[in-house]
There are 2 protein chains.
Amino acid sequence: MSTSATPRERLLDAAGELFYRDGVNIGVDALCKAAGVSKKSMYQLFRSKDELIAESLASRGPAYQLLLHPGPEDDRSPRERILTVFERQDELVASGNYLGCPYVSTAVELKNPEHPGSVVARHFKQQLTDFFHRELVKAGAEDPSTLAIQLTMVFDGANARAVVRAQPLGGIGAVTAAALLDAAGVHAGEFALN
Amino acid sequence: MSTSATPRERLLDAAGELFYRDGVNIGVDALCKAAGVSKKSMYQLFRSKDELIAESLASRGPAYQLLLHPGPEDDRSPRERILTVFERQDELVASGNYLGCPYVSTAVELKNPEHPGSVVARHFKQQLTDFFHRELVKAGAEDPSTLAIQLTMVFDGANARAVVRAQPLGGIGAVTAAALLDAAGVHAGEFALN
DNA sequence: GAAAACGGAAACCGATCGGTTTACTGTGAG
DNA sequence: CTCACAGTAAACCGATCGGTTTCCGTTTTC
């Protein structure tokens, strides 16, 4: 049951879900009630609500990446590994209750780029760009840095579309990413010569 | 001075600015104080705060579009007119205090796609896509509908990047849009034959 | 078995939330 | 002059905000 995890784990889990579903303005009382943790415990585990925002965001990172990135055992071409991210995004949106990238959404809500939560968001967004960059280098792309940023932008643009329209994306993200990869000469099954 | 406008105009202006700068969770009291309008007046001009959110968002629309879209007097090619949007976006971000597209940000904060503010956001996002679509048809693009959506996604992806990184974009949006236009065969100075 | 630490329930704090109401001021129309 | 209206200031409502504190039961530790 849920009380088997430590109060800290329960808090991080509940915070990750509720901050995402209801926004960072949800109250600390509701949060603690959902986690089955007293406010006293919360405030001796975290300095403030702001810190809990940042830490819950960070704790969600690995699972979110696992959901989107292909694993190292996936030995398809870099292009296919990159497109996997957009296909998984599509599935997430189609499965409903998707409210956009948690990092971007939180950064948008916080407004302040120096908020600890915004710092975490920046870090994880960079990790997605870094993944694209690694794959593009493997594929021998000409300008992997620019292209990695462009793919990240397509990813976030697709998220924005999903949030605003509240409808499935219909593969438009993958199609757009593929167009950019095509234009850069990153083809299917292609690895860099070495 | 600011009190020369009607209470309704002052409220819409203040709401447009404060909802954007501080988020839709800013209090009605602070809003009315900034607008120099009593709460009583506010609540007989608008049914609820939610309605004020939607109406202030809608009232900002024309100015925001004027800021981004090239005017009808700009008789450059469709491609150049499209790229103008991304160049203006770049300038907005570089000018500081840019917190992303007001429509997307509000939709992200509201979470609920049926909120009247979300409906307005959807409508204005569609207007940007429609602008791209019109230009692409003028240029004789092969699949203007898909490409218009892709350009909108690039626009919103650039916004997300600007919000998360809180740094200038360095033209990456225009570069990406140009790459997609290139790939679709929409070239500089090109108009459809007719 | 005693002592100490852990942690939940709930009261409490001043401030603010969205929204309503009362009281008062200015202003324009008849 | 008077009446009606528009609009502000401010009190008020119950609820909730982030955060602290008190109380008490349970578990761990020696």
Side-chain angles (χ1 to χ4, degrees), chain A residues 1-57 59 106 109-112 114-120, chain B residues 1-57 59 106 109-112 114-120:
Chain A
M1 61 185 294
S2 94
T3 54
S4 61
T6 69
R8 180 164 224 275
E9 290 167 334
R10 277 179 283 152
L11 261 175
L12 288 174
D13 284 356
E17 187 187 328
L18 292 184
F19 283 145
Y20 180 62
R21 203 190 60 190
D22 299 333
V24 295
N25 283 288
I26 185 175
V28 172
D29 289 284
L31 215 81
C32 288
K33 177 171 274 188
V37 169
S38 69
K39 288 174 74 177
K40 179 192 176 191
S41 298
M42 196 215 103
Y43 276 102
Q44 62 194 34
L45 287 167
F46 302 94
R47 250 173 280 170
S48 64
K49 183 193 179 187
D50 287 336
E51 186 175 300
L52 176 56
I53 291 173
E55 296 228 30
S56 73
L57 214 50
S59 78
T106 302
E109 289 176 40
L110 291 176
K111 310 288 180 192
N112 174 13
E114 295 169 23
H115 188 290
S118 301
V119 176
V120 173
Chain B
M1 60 185 295
S2 93
T3 54
S4 61
T6 69
R8 180 164 225 273
E9 291 167 334
R10 276 180 282 150
L11 261 175
L12 288 175
D13 284 355
E17 187 187 329
L18 292 184
F19 283 146
Y20 180 61
R21 203 190 59 190
D22 299 333
V24 295
N25 283 287
I26 186 176
V28 172
D29 289 284
L31 214 78
C32 289
K33 177 171 273 188
V37 169
S38 69
K39 288 175 74 176
K40 180 190 176 190
S41 297
M42 196 214 104
Y43 275 103
Q44 62 193 36
L45 287 168
F46 302 94
R47 252 173 280 170
S48 63
K49 182 193 180 187
D50 287 336
E51 187 175 299
L52 177 56
I53 290 173
E55 296 228 30
S56 72
L57 214 49
S59 77
T106 302
E109 289 175 41
L110 292 176
K111 309 289 181 190
N112 174 12
E114 295 170 23
H115 188 291
S118 301
V119 175
V120 173

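Note on naming: letters A, B, ... go to the chains in the order of the sequence lines (proteins, then strands), and numbering restarts at 1 for each one. Just so you know, these numbers come straight off a predicted model, no measurement behind them.
- Looking only at side-chain heavy atoms (C-beta outward), A:Thr106 and A:Phe19 stay at 4.5 Å or farther from each other.
- Only A:Ser41, listed by number, bring a heavy atom of residues 41-49 of chain A to less than 4.0 angstrom from any atom of DNA chain C.
- Applying the side chain to side chain contact (heavy atoms under 4.5 Å, CB included) test to A:Asn112 and every residue at least two apart in sequence or in another chain returns A:Glu114, A:His115.
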List, one per line, each side-chain donor-acceptor pair under 3.5 Å for residues 29-40 of chain B, sequence neighbours excluded.
residue: B:Asp29; atom: OD1; partner: B:Lys39; partner atom: NZ; Å: 3.3
residue: B:Ser38; atom: OG; partner: B:Ser41; partner atom: N; Å: 3.2
residue: B:Ser38; atom: OG; partner: B:Ser41; partner atom: OG; Å: 3.1

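- When all heavy atoms are compared, the tightest approach of B:Leu57 to B:Gly117 is CD2-O, 3.5 Å.
- Shortest non-hydrogen contact noted between B:Arg8 and B:Phe46 is NH2-CE2, 3.5 Å.
- For the atom pair CD of A:Glu51 and CE of A:Met42, the computed distance is 9.0 Å after rounding to the nearest 0.5 Å.
- In this structure, B:Pro116 and B:Ile53 have side chains that are not in contact, with every pair of non-hydrogen atoms separated by 4.5 Å or more.
- Annotation: side chain of A:Leu52 is not in contact with side chain of A:Leu45 (no heavy-atom distance under 4.5 Å).
- Mapping heavy-atom proximity under 4.0 Å, the span of DNA chain C touched by chain B runs 5' to 3' from C:dC17 to C:dA23.
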Could you write out each protein N or O paired with an N or O of nucleotides 21-27 of chain D at a distance under 3.5 Å?
residue: D:dC23; atom: N4; partner: A:Lys40; partner atom: NZ; Å: 3.4

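- Here the OG-CG distance, from A:Ser118 to A:Leu110, works out to 4.5 Å after rounding to the nearest 0.5 Å.
- Shown here for B:Val120 and B:Ala54, the closest heavy-atom pair between the two residues is CG2-O, 3.7 Å.
- A salt bridge does not link A:Arg47 to A:Glu55: none of the charged side-chain nitrogens sits closer than 4.0 Å to a carboxylate oxygen.
- The stretch residues 17-30 of chain B does not touch DNA chain D, since none of its heavy atoms comes less than 4.0 Å from the strand.
- Here the closest heavy-atom approach between residue B:Glu109 and residue A:Lys111 is recorded as OE2-NZ, 2.6 Å.
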